[in-house]
Amino acid sequence: MLKTFEVRTNNHNELIDITSQVQEVVKSLGVKNGICMVYIPHTTAGVTINENADPSVKHDILMEFSKLVSEHDHDYRHSEGNSAGHIKSTLFGSSVHLIIDHAKLVLGIWQGIYFGEFDGPRGRRVHVKIIEG
Ligand code: ZN
C-alpha cells in the first residue's frame with residue numbers, strides 16, 4: 001500500500017508538521033497494525049520526528065542547521081546554487097518509520113513528524129508506504 005500527498009512550503013527553510021496527514025493515510029487505508037514508512041522523494045528536503053509542543057524547537061533546529069551549513073560558500077561546485085539544501089537533506093534523512101497500533105501511529109506525547117524544506121518555497125510530495133502485520 002502506497003499513498004502520496006502534497007505539501008506546499010512557504011519559506012526557503014521550513015519545518016512543517018505532517019503528522020495528521022500521515023495519520024489520515026493510515027486511517028483511509030483501514031490498517032490496524034503494521035509499519036508505516038514516510039519517504040521524501042526530493043534531494044533538498046527531508047523528514048524527521050521531533051517535538052510538536054513548543055514551536056521554538058522548530059526555530060532552534062533550523063537556526064542551528066543554518067550555522068552548520070553555509071547557504072553560500074565560494075567552494076561549492078554544484079551549479080544550481082542549492083548545495084546547502086542538498087547537504088541539509090542528507091543530514092535530515094529521507095525517511096522515518098513508525099509503528100501502527102490499533103490504527104494509530106505510535107508516537108511519544110511530544111513527538112510529531114516534520115517535513116523539512118531546505119530549498120523552498122515549492123510544492124513537495126510525501127510518500128507513505130504501509131506494511132500490515
Ligand atoms: Zn541542486
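If you're wondering where the values come from, they're calculated on a predicted model, not measured in any experiment. Counting starts at 1 for both ligands and their atoms, following the listed order.
A salt bridge between Arg124 and Glu6 is absent, with no side-chain N of the basic residue lying under 4.0 Å from a carboxylate O of the acidic one. For the pair Asp119 and Arg122, the salt-bridge criterion is met [side-chain N within less than 4.0 Å of a carboxylate O].
For the Zn ion (ligand 1), the N/O/S atoms of Asn82 include one lying under 2.8 Å.
Side chain to side chain, Asn13 and Lys88 meet the donor-acceptor criterion of an N or O pair below 3.5 Å.
Aromatic ring pairs are classed by plane angle as parallel below 30°, tilted from 30° to 60° and perpendicular above 60°; the pair Phe65 and Phe118 is parallel.
Note on His78: its N/O/S atom closest to the Zn ion (ligand 1) is NE2. Looking only at N/O/S atoms, Glu80 comes nearest to the Zn ion (ligand 1) through OE1.
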